[in-house]
Each structure stands twice: as structure tokens, then as C-alpha cells.
Amino acid sequence: MINPLNKKSSLMLGFFLCFNYCVWAQYRIKTTTDLGLGLGSGLSLSTALYLQQKTPALNSTEIQSLNLKQVNAFDRVACKQWHPQAANTSDVLAIGSTVLYSYFFMDKRSKQDAFIIATVGAQSVLLSTALSNVFKLSLRPRPYVYNPNVDMSIKLKPDARMSFFSSHTSTVSAMSFSFAYVYQTYHHDKKNIGVWLGAAGLPALQGYLRVRAGKHFPTDVITGYLIGLGSSWLMHRLHAN
């Protein structure tokens with residue numbers, strides 16, 4: 001027979017632990033909100049990727065008819081760029097930015113909430129990536145399509161029409177600023193200027209690399225930067241206690 005006192009003590013202990021977690025946890029999963037955002041972002045992303053696969057590439061006649069003067073003066077500088085090594089470096093930076101969140105699994109102040117924090121970061125990236133791929137259906141030619149020094153075989157790929165806006169930049173921006181928001185939440189008693197400078201600097205470097213590679217116009221990377229920042233801010237506001 002279960003001792004009523006032990007049962008009561010267990011219930012009180014469970015209540016205390018639950019209350020303690022709810023009070024001290026800095027982030028919280030909101031099931032309905034997260035399911036809605038996750039499903040909406042996932043559906044938008046998968047639909048956009050499907051439509052991109054169905055998008056025909058530019059033919060050589062269309063490419064030769066493109067006029068550099070059609071590009072606004074601010075963006076025109078990107079049409080002279082073509083550096084594959086910069087593109088490779090930007091790929092590494094985009095993938096490497098996901099490592100930032102491993103810090104919260106080790107930090108004594110945040111490790112108890114690490115999985116929730118990781119979910120918030122994943123939501124930020126998923127939202128920004130979905131938006132990026134939806135807007136790529138605007139079919140803006142990449143800068144290298146205007147560059148006479150780039151091989152025609154590269155310009156004839158469907159991806160050559162997917163310039164706006166930079167998914168690489170939005171991904172790094174979302175991860176970097178999400179990291180800064182979370183770090184600030186758990187270390188609000190410290191001066192975190194370096195963290196915020198790093199959060200601002202990493203996506204700026206990514207944007208530079210994408211322009212340098214000839215993959216994106218300045219307006220593409222600026223938009224990606226702001227979308228990543230906005231998605232991280234939104235997820236922080238939705239999940240922070």
C-alpha cells in the first residue's frame with residue numbers, strides 16, 4: 001500500500017520542481033505557436049524549393065540580351081565579381097555558424113534550457129530560410145550572369161536566376177543574432193558589447209563574401225541580413241519568459 005504521506009511528499013516535490021523550472025527557465029516552448037510557425041515555414045520552404053526545381057534556366061539568347069545598365073548603380077559593382085574561393089568560404093561560414101549554439105549546452109547558466117534554446121534558434125533559421133527561398137522565385141539573375149568572364153555553362157543553370165535574397169546571409173544573421181539575444185538573456189549582468197559586435201560582424205562578413213563571389217548583389221545581402229535579424233528577434237520575443 002502506498003503511504004499517503006510519501007505520495008503527498010512526491011506531489012509537493014514535483015510541484016516544487018515544476019514551479020522552480022517555470023520561474024527560472026528563461027525560454028519556453030509554446031506548442032501551438034511553434035507548431036504553427038514550424039509547419040508554416042516548412043510548407044513554404046518545401047513549396048518554394050519545388051517551384052524552383054520547375055523553374056527553367058535562362059537560355060543563351062536571354063543572357064546575351066541582359067544589359068548591365070538595367071542594374072541599379074548601387075548593385076552594379078557585384079557584376080564585376082567572380083571568386084569561387086569566396087563562395088566556398090561563405091559555405092563554410094554558413095555551416096559553421098550553427099556551431100555557435102553548442103556553447104549553451106556547456107554554459108552553466110543556460111545548459112538546463114539548451115534544447116529549448118536550440119529549438120528557438122532552429123525556428124529563426126527555418127523562418128529566414130523559408131522567406132529567402134520564397135523570394136528567390138522573383139527570378140532575379142545573379143550578378144555573375146552579367147559578367148563576361150564567367151563561363152556560359154554556369155550561367156545556364158536554373159540557380160543563376162535565384163539571386164534575391166541571400167539565404168547564406170540570412171542564415172548567419174539569424175544564428176548570430178539569436179546567439180546574442182540568448183547570451184544577453186542569461187548574462188544580463190555582464191557587458192556584452194563583444195558578443196553583439198560579433199553578432200553584427202559575422203553576417204556582414206558573409207554578405208561581403210557573397211558579393212565578392214559574384215553570387216549576390218549588395219541589396220540581396222542587406223535584405224538577408226535584416227531578415228535574419230528580424231527572425232531572430234521575433235523568435236526571442238515569442239519564447240523568452
Side-chain angles (χ1 to χ4, degrees), residues 20-42 44-45 90-135 165-210 216 220-241:
N20 184 67
Y21 177 77
C22 291
V23 169
W24 294 109
Q26 299 296 320
Y27 287 87
R28 188 176 301 175
I29 294 297
K30 299 180 179 180
T31 305
T32 303
T33 300
D34 286 321
L35 281 175
L37 285 170
L39 289 173
S41 296
S44 298
L45 177 58
S90 72
D91 291 339
V92 173
L93 181 57
I95 296 171
S97 67
T98 60
V99 179
L100 288 171
Y101 263 60
S102 63
Y103 170 85
F104 298 117
F105 285 86
M106 299 178 288
D107 179 49
K108 63 181 181 179
R109 296 193 184 189
S110 60
K111 62 183 180 180
Q112 74 276 9
D113 299 337
F115 287 102
I116 297 175
I117 292 169
T119 300
V120 174
Q123 287 272 34
S124 300
V125 173
L126 180 59
L127 177 59
S128 64
T129 302
L131 289 172
S132 171
N133 281 277
V134 168
F135 276 90
F165 55 86
S166 173
S167 183
H168 279 68
T169 307
S170 67
T171 295
V172 176
S173 180
M175 290 302 300
S176 297
F177 283 108
S178 288
F179 178 90
Y181 279 124
V182 175
Y183 189 91
Q184 178 71 43
T185 299
Y186 287 90
H187 297 273
H188 54 82
D189 56 329
K190 299 180 180 180
K191 293 181 179 179
N192 299 311
I193 297 176
V195 173
W196 284 103
L197 288 176
L202 278 179
L205 173 60
Q206 179 68 297
Y208 166 78
L209 290 171
R210 298 304 287 173
H216 288 288
D220 296 334
V221 300
I222 291 172
T223 303
Y225 190 108
L226 295 176
I227 292 295
L229 170 59
S231 65
S232 63
W233 175 85
L234 176 62
M235 293 306 164
H236 171 77
R237 293 288 296 177
L238 286 175
H239 294 90
N241 281 333

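For the single chain, residues carry numbers from 1 onward in sequence order. Because only heavy atoms are used, hydrogens play no part in the values below, and waters and symmetry mates are left out as well, while side chains stay in.
Closest heavy-atom contact between Leu127 and Ser231: CD2-CB, 3.9 Å. Shortest non-hydrogen contact noted between Thr129 and Ser167 is CG2-OG, 4.2 Å. Of all heavy-atom pairs spanning Ser41 and Ala130, the tightest one is O-CB, 3.4 Å. Of all non-hydrogen atoms in Gln112 and Lys108, the two that sit nearest each other are OE1-O, 3.6 Å. Nearest heavy-atom pair across Arg210 and Ser166 is CG-OG, 4.0 Å. Residues Leu229 and Ser173 approach most closely at N-OG, 3.1 Å, considering heavy atoms.
If you check the side chains of Asp113 and Gln26, you find no donor sitting under 3.5 Å from an acceptor. Checking Ser178 against Ser124 by side-chain atom types alone, a donor-acceptor pair falls below 3.5 Å.
Contact annotation: the side chain of Asp34 approaches that of His239 to within less than 4.5 Å [non-hydrogen atoms, C-beta and beyond]. Residues Asp189 and Arg109 have side chains in contact (heavy-atom distance under 4.5 Å, counting atoms from C-beta outward). In this structure the side chain of His187 reaches within 4.5 angstrom of the side chain of Asn192, judged on heavy atoms. Counting heavy atoms from C-beta on, the side chains of Val221 and Gln206 never come closer than 4.5 Å. Side-chain contact between Val182 and Val120: absent, with no pair of heavy atoms (C-beta onward) separated by less than 4.5 Å.
Ring orientation note: the planes of Tyr181 and His236 are close to parallel, at an angle under 30° on the 30°/60° scale. A perpendicular orientation is assigned to the rings of Tyr101 and Phe179, their planes being inclined by more than 60° (bins at 30° and 60°).
Put simply, CE on Met235 and OG1 on Thr119 are 11.5 Å apart, with the number rounded to the nearest 0.5 Å. In this structure, the separation between OG1 on Thr185 and OH on Tyr27 is 3.0 Å, given to the nearest 0.5 Å. Atom CD1 in Ile95 sits 7.5 Å away from atom NE2 in His168 (nearest 0.5 Å). Taking CG from Leu205 and CG from Leu93, the interatomic distance works out to 5.5 Å, rounded to the nearest 0.5 Å. The CD1 atom of Ile117 lies 8.0 Å from the CZ atom of Phe105; values are rounded to the nearest 0.5 Å. In this structure, CG in Leu234 is found 11.5 Å from OG in Ser128, a value given to the nearest 0.5 Å.
Tyr103 OH: more than 12 foreign heavy atoms inside a 6.0 Å radius. The environment of CG in Leu35 is crowded: more than 12 heavy-atom neighbours from other residues, nucleotides or ligands sit within 6.0 Å.
Panel note: side chain Ser97, backbone Ala94; a donor-acceptor pair is recorded below 3.5 Å. Under a 3.5 Å cut-off, the side chain of Ser132 and the backbone N or O of Phe165 do form a donor-acceptor pair.
Taking the ring centroids of Tyr225 and Phe177, they lie under the 6.0 Å cut-off. In this structure, Tyr183 has its ring center no closer than 6.0 Å to that of Phe104.
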